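Structure first, commentary second.
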Amino acid sequence: MSKIVAVHSYKGGTGKTLLSVNLAATFAKHGKQVCLFDLDFRAPSLFAILKVNNAEFWLNDYLNGKCDINKVIMDLSNNIGGTGNLFAALANPSTEAIREMSAKDRKWEMRALGRLLSLRNTLLNDQKFDYLVFDTSPGLQYSSINAIVTADFVVVATTGDRSDVDGTRRMLRELYNLFEKKTGLVMNKVLDPTSKSKRDEMDRRVKNVYQVPMLGLVPCFCEILRAEGNQIFVQDKPNHPFTKILDEMARKIENNEVN
Amino acid sequence: MTREDISSKKPLYVLEKIRENLERLNEKMEIMIELQRHGNKEIQPLNDAPLDVMTLLSMPDHLRKTAMTICRCGRATAEEVSEQTNRARAVESAYLNQLVIMGYLKKERKGRKAYFYADRDS
């Protein structure tokens, strides 16, 4: 069963953070105990979306071995409905912290991998979290590959953009396959996916081009652009089609139905 | 413990030592067999090479599987690794020892068991 879910992509701007936040919030709405992690240390963004201006400890501190993970995770359950709980572990957005994280050596990255892997024991086994959702940085970077190695399931966000297709395909073959990771592809910002025949055609195309199962098809919604990242969309717009799509994606992962 | 006790335990002690030595001999033979099977070129001894994700990516598939299992477990015997990879214990023992020679893993004996781990602290 997939308990640690990493959201990754080849290129930036594919909607990883939007998907991570809303997937985590959807799991929580389904009554699960969830922790969302900002592993994009080069461009931290969850602190802004979740409106957390100050934190005593950041995820950087945990990976640096300066504190326990429980000092980092913060309870945001008040921000969501339902019976579940949403927690978050945020990356330090200060320029100094970004610079420091960019200059880590291979030994540090190996230790960071060990610390990420140990979250399975501390959070899933001991503290009974149901899901950990990793928002990662795009492409082949240490922090994102560490997240992929740790994860049980990788949500690959992509768009129809030509520059994204080849890279995503290569990454599927040369990264996720080598680590034997279960993957599901989310085709984001799709134009005009209204008819069933269009959706079926996209599904076939994804299977042909990427040779992985499709987790979801997300149309280009103006309302999401208008929200400007100021809200947890699935929480604020419970009846919006985007919320229903995320609901379906979360259910597929929960029921292990991504084939 | 009396003199008689010691002398009665001696044959048992000697047998235990013989068994330990045979196990070590067996491990060495497994490594030699693996070296012959895959050729020596992929086994380059290194000093304290970090077992990071880029190293994992560059490894041959059969070693990556073993190394990934140790990364996940933290510390494990060949038997424990074989339970997760569904490969024979002797095969895992050979791969683990290769990874030790390559400098990616450390090995520690506790009684009759040999534990393998990635040294993240040094």
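Because the structure is predicted, anything quoted here is derived from the model rather than measured. Naming convention: chains lettered A, B, ... in sequence-line order (proteins, then strands); numbering from 1 in each chain.
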Does [X] have more than 12 heavy atoms from other residues, nucleotides or ligands lying within 6.0 Å of its [atom1]?
X: Arg205(A); atom1: CZ; answer: no
X: Lys71(A); atom1: NZ; answer: no
X: Lys66(A); atom1: NZ; answer: no
X: Glu96(A); atom1: CD; answer: no

So which heavy atom on Lys107(A) is nearest to which on Asp119(B), and how close?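 Looks like NZ-O, 4.2 Å.
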Walk me through it: do Arg106(A) and Thr55(B) pass the test side chain to side chain contact (heavy atoms under 4.5 Å, CB included)? CA-CA 10 Å; Arg106(A) 295 180 67 180; Thr55(B) 306; 2.6 Å; yes
Given that the side chain runs from C-beta out, which part of Met54(B) has a heavy atom under 4.5 Å from chain A: side chain, backbone, both or neither?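 Both parts, backbone and side chain.
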Go through the steps for Leu113(A) and Asp52(B) under the test side chain to side chain contact (heavy atoms under 4.5 Å, CB included), then give the verdict. CA-CA 7 Å; Leu113(A) 173 63; Asp52(B) 61 355; over 6 Å; no
Could you give the distance from CG (Leu56(B)) to CD1 (Ile145(A)), rounded to the nearest 0.5 Å?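 That separation rounds to 10.0 Å.
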With rounding to the nearest 0.5 Å, note down the distance linking CG in Leu178(A) to CE in Met59(B).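 Reported to 0.5 Å precision, the distance equals 12.5 Å.
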Is Arg64(B) paired with Glu180(A) through a side-chain N to carboxylate O contact shorter than 4.0 Å?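 No salt bridge links Glu180(A) with Arg64(B).
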Begin with the C-alpha distance, continue with both residues' side-chain angles, and end with the deciding distance and a verdict on side chain to side chain contact (heavy atoms under 4.5 Å, CB included) for Val53(B) and Glu109(A). CA-CA 8 Å; Val53(B) 285; Glu109(A) 295 294 352; 6.0 Å; no
